[in-house]
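Data block below; observations after.
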Amino acid sequence: MNDEELKELARQLRCPDGEVGAQLGESMGKSNDGMIQASMVLLDLGRGRHVLELGHGACTHLSALLEMGTNLSYAGLEISTVMYREAKRIAEPLSADHEVEFRVFDGVTIPFGDASFDRVLSVNTVYFWTPARAVMDEISRVLTPGGVVVVSYVDKDFMKTLPFVDAGFTLYEDSEVQTLAEGSGLRVEAFHKRNEQAVSKHGDLVDRRYTIAELRKL
């Protein structure tokens, strides 16, 4: 791929748009499924949890998430209108029995009041938080004391091997996530290391290393 094609791929990964974005969103849902499932487990969902997800994509995982607890409510935020519409379509059958809502937001300001959620999930979006500290502050603001945040990201060394990450991705090491958390009133409980076989954006099978950061509101 040439530079312009790589920039367009990076733009679509950040905010899927149009027919190409819809197709890419479906592909991302499949390639990220292992990360999403492993991350949801660490939310420790029980009864009556209020869950917020930043960057839900097509949200094909919502049914599995809602089955992990009882009397759950879910709110999803996206910067992509295409993914917002796709998620609403996929989740429509679930809305009759569960409290589910989706909103488009600006990527920084979370459109909910203080202490509205006790669980927050975000998988493969931290690379695009701009500014990252402001997003982490917002997560902390809408989280109840003692609430849990799960932020998952592919390891920096692996990400640096991908040709499109120079076009708008900010890569993170655990220490950098730790710094973001500490400045926002969140404490890192653990960095969970995972390894999986995943299909790349070019259709190749790759050995992908990723981290699930488990944080708690002080």
field: salt_bridge(D166, K160) N-O dist < 4.0 Å
entry: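 Answer for the salt bridge query: no.
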message: Do the side chains of K7 and E5 get close enough for a salt bridge, i.e. N-O under 4.0 angstrom?
response: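 No, no charged N to carboxylate O under 4.0 Å.
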- prompt: Does the side chain of S152 pick up a donor-acceptor pair with the side chain of N124 at under 3.5 Å?
  reply: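 Per modelled atom types, S152 and N124 side chains form no pair under 3.5 Å.
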- request: State whether a side-chain donor-acceptor pair under 3.5 Å links E214 with H192.
  value: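 Yes, a side-chain donor-acceptor pair sits under 3.5 Å.
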task: Evaluate ring-ring contact (aromatic ring centres under 6.0 Å, His included) for F169 paired with F164, printing each intermediate quantity in order.
output: CA-CA 8 Å; F169 283 66; F164 50 80; 5.6 Å; yes
pair V149-L143: side-chain heavy atoms closer than 4.5 Å: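 A side-chain contact under 4.5 Å exists here.
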message: Check whether F112 forms a cation-pi arrangement with R103 (NZ or CZ under 6.0 Å from the six-membered ring centre, at most 45° off the ring normal).
response: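 Judged by the rule, R103 and F112 form a cation-pi pair.
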query: Is it true that a side-chain atom of Q37 and a backbone atom of G34 form a donor plus acceptor pair closer than 3.5 Å?
result: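 Side chain of Q37 to backbone of G34: no pair is present.
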Hydrophobic cluster of M83, others only, ordered by chain and residue number, side-chain cut-off 4.5 Å: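 M83 clusters with V82.
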query: Atom CG in D118, atom NZ in K217: separation rounded to 0.5 Å?
result: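 Between D118 CG and K217 NZ, I get 11.5 Å after rounding to 0.5 Å.
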field: Name of the residue among H98, R119, R49, E53 meeting side chain to side chain donor-acceptor pair (under 3.5 Å) with Y74
entry: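 Going through the options one by one, the only one that passes is E53.
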message: For a side chain to side chain donor-acceptor pair (under 3.5 Å) check, start with the C-alpha distance between D174 and Y153, then their side-chain angles and the critical distance, and finish with the verdict.
response: CA-CA 10 Å; D174 296 347; Y153 48 95; 2.7 Å; yes
